[in-house]
Each structure stands twice: as C-alpha cells, then as structure tokens.
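In what follows, every heavy atom counts, from backbone to side chain, and hydrogens, waters and symmetry copies are set aside. Counting starts at 1 for both ligands and their atoms, following the listed order.
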Amino acid sequence: MKTNIETLDWNLGNINASKDKDGRKTLDDVFDESTLKNIQQLFSRGIISTLENIIATGKEANVFRAKTIDGRNRAVKIYRLNTATFRKLEKYIDGDPRFKNSGNNPRERVFTWAQKEYKNLHSMWASGAKVPKPYYVHKNIVVMQYLGWRYRPYPILKDLIPVKPEEFLSYLLETIRAYRSMNLSHGDLSEYNILNVREKPHIIDVGQAVPKEHPMHEELHNRDMKNVHRFWKKYIRGLKLEDLK
Ligand SMILES: Nc1ncnc2c1ncn2[C@@H]1O[C@H](COP(=O)(O)OP(=O)(O)O)[C@@H](O)[C@H]1O
Ligand SMILES: [Mg+2]
C-alpha cells in the first residue's frame, strides 16, 4: 500500500499545527518512511484516528497521545527502527522461548520487541497488575491505554512523590506480586517507569520483562527490588530489602 501523505497530514493535524522548527524536526526524526506507513495502516484499520501530541521522546521509542474514532485517548509507543534500538533489545529477546524465530534483520527484531512489550502488558494486565491495558500491536507500534488527564500524562513517580509513601508502596508490591504470579520479571523497574496515577502506582515500559525460562529472570528481579528499596528507603524510615515481599 502506498502511504497517503495527504491523509496522514490530515490525521497528524494537531501535531503539524505546531509548525515550529523543533516540532517539525522531532517529527522528521520519529517518522521514517516505513514508520509513516505503519501509522497509516493503524489509521486505515480504524485502531486510531489521529495522533494528538508527543508525550515523550526517548532513545529507543517515542510515545504519543492518540485518539480513537470515538474520541477516546490512547497511548501509542513507536519504536525507532535503527540498529541502536535493536542492540539494546537483543539480550532480552534471546533466551525468551516465546520468541524463538525473531529474525536476524534488525527491523524484524524491533517488531518482535513491540510484540514482546504487548505480550508482557497483556499477561500483566490479566494478572491484575496495574499496567496500561494493551489494545493493539502492529510492526514497531504498541497501542495501549492512555494514563493521563486530557493532554497531560500522569507524572512518573520520580516527579511526584506520593503523599502516603507506605500506602503507595503497598499497592506497588501488590502489582509486583501480580505479575510475578505470571512468572515475569520486569527488568527495568524504577521511579522512572512507575506512574503516579492519582496516588496509585501504574507500571509502564515492560518491553524487557522476561519469563522464568530466561537466563536473566532472577537477576533482573533482584535488581528491580534493589531499585525499589533504594528509592523507598528515602521516604520510609527503617525499610529493609527483606520487607519488600
Ligand atoms: N500508557 C501511557 N500513558 C501515559 N503516558 C505514558 C504511557 N506510557 C508511557 N508514557 C509516558 O512516556 C514516557 C516514556 O515511556 P516508556 O514506556 O517509559 O518508554 P522509554 O523506553 O522511552 O522509557 C513515560 O515516562 C511516560 O511519561
Ligand atoms: Mg521508561
């Protein structure tokens, strides 16, 4: 299918409206030709109808707020199709029996990665863990529940310390126990990947989460719990690593 740039321009209306130099540069940087085509396919399949604004730009991915045809918000995470992305992901894909033939081509591996994030979100969501509900995955794009109010995403934990740290932590431990019951380790759990959603934790960024069969399963979980402890001991006096169960 040929990318219909005019349709796309219309769908990107809100983003294109900010015609300042930096905004334009970000767009050119994010949307290589093949990503544009993949976004176009999401539009024509009716998964989303517009991209509204950029929430975050990262080394491996960019996150947007999008709208569905019936006006609901979605978060859309778009992985960059470059070798840097694929390098970082490699060690988490190899050894995960869910993705045996992920392909040697870097691009294919990024697609596998998006699949992996989607699957992880799905298992975690099903376990009752508080994560964004996954809606769709296509090539390098994951569509999920938007955690925010209007155009503002809820802040990461680092930027908004909860009013009641003990209570927040106990909800967090509940979520960790829930995804552990699916035999998953998050692998990058820190104050940067936990959103403070009206004083309740939601965990994001689950692409690197690995199942029990993966050689790094235990090591990653131990590192996660050390991170959790390092952060919370600043707010909860006398908190011990062994208390985090
Ligand atoms: N479902 C979501 N709802 C709202 N904001 C989100 C959502 N997912 C990610 N974000 C925002 O995008 C940022 C980057 O997302 P993340 O998944 O952590 O990607 P990265 O790999 O770049 O760290 C987050 O810090 C958060 O601000
Ligand atoms: Mg992150």
Original post:
Where the closest heavy atom to atom 7 (C) of ligand 1 is concerned, which of Pro153, Ala75, Ala56 has it?
Top reply: Ala75
Original post:
Which ligand 1 atoms does Met144 reach within 4.0 Å, using its non-hydrogen atoms?
Top reply: 1 (N)
Subject >> NZ (Lys200) with more than 12 external heavy atoms under 6.0 Å >> reply: no
Original post:
What's the shortest distance from atom 24 (C) of ligand 1 to any protein heavy atom, and which residue and atom give it?
Top reply: Ile204 CD1, 3.5 Å
Subject >> Shortest protein contact, atom 27 (O) of ligand 1 (heavy atom only) >> reply: Ile55 CG2, 4.2 Å
Subject >> Pro132: numbered ligand 1 atoms lying under 4.0 Å from its heavy atoms >> reply: 1 (N)
Subject >> Per-atom contacts, ligand 1 versus Asn193 - under 4.0 Å to a heavy atom >> reply: 18 (O)
**OP:** Check whether any side-chain heavy atom of Lys212 lies under 4.5 Å from a side-chain heavy atom of Glu218, and answer yes or no.
**Re:** no
**OP:** Measure the distance from atom 1 (N) of ligand 1 to every protein heavy atom, then report the residue, atom name and distance (to 0.1 Å) of the closest one.
**Re:** Gln145 O, 2.9 Å
**OP:** Take atom OH of Tyr192 as the centre, draw a 6.0 Å sphere, and report whether it contains more than 12 heavy atoms from other residues, nucleotides or ligands.
**Re:** no
**OP:** Mind listing the protein N/O/S atoms less than 2.8 Å away from the Mg ion (ligand 2)? Waters don't count.
**Re:** Asn193 OD1, Asp205 OD2
Original post:
For the residue pair Tyr136 and His138, does the interplanar ring angle fall in the parallel (under 30°), tilted (30 to 60°) or perpendicular (over 60°) class?
Top reply: tilted
Original post:
Heavy atoms, side chains only, cut-off 4.5 Å: are Trp125 and Pro134 in contact?
Top reply: yes
Subject >> Leu147 contact mode with ligand 1 (heavy-atom cut-off under 4.0 Å) >> reply: both
**OP:** Please find out if less than 6.0 Å separates the ring center of Phe31 from that of Phe64.
**Re:** yes
**OP:** Please work out whether any backbone atom (N, CA, C, O) or any side-chain heavy atom from C-beta onward of Asp205 is under 4.0 Å from ligand 1, and answer side chain, backbone, both or neither.
**Re:** both
**OP:** Mark yes when over 12 heavy atoms from residues, nucleotides or ligands other than Arg230 sit less than 6.0 Å from its CZ; otherwise mark no.
**Re:** yes
Subject >> Per-atom contacts, ligand 1 versus Ile156 - under 4.0 Å to a heavy atom >> reply: 25 (O)
Original post:
Are any non-hydrogen side-chain atoms of Thr68 and Tyr135 less than 4.5 angstrom apart?
Top reply: no
Original post:
Is any side-chain heavy atom of Arg107 closer than 4.5 Å to a side-chain heavy atom of Ser34?
Top reply: yes
Original post:
For atom 10 (N) of ligand 1, which protein heavy atom lies nearest, and how many Å away is it?
Top reply: Val63 CG1, 4.0 Å
Subject >> Side chains of Arg65 and Pro153 in contact at under 4.5 Å (non-hydrogen atoms) >> reply: no
Original post:
Any side-chain heavy-atom pair from Phe231 and Leu189 closer than 4.5 angstrom?
Top reply: no
**OP:** Compute the centroid of each ring, for Phe86 and then for Trp113, and state whether the two points are separated by less than 6.0 Å.
**Re:** no
**OP:** Measure the distance from atom 19 (O) of ligand 1 to every protein heavy atom, then report the residue, atom name and distance (to 0.1 Å) of the closest one.
**Re:** Lys77 NZ, 3.3 Å
**OP:** Under 4.0 Å, heavy atoms only, figure out whether ligand 1 is touched by the backbone of Arg65, its side chain, both or neither.
**Re:** neither
Original post:
In terms of side-chain geometry, is the basic nitrogen of Glu117 or Lys77 positioned less than 4.0 Å from the acidic oxygen of its partner?
Top reply: yes
Original post:
Quick one: does Glu60 get a heavy atom under 4.0 Å from ligand 1?
Top reply: no
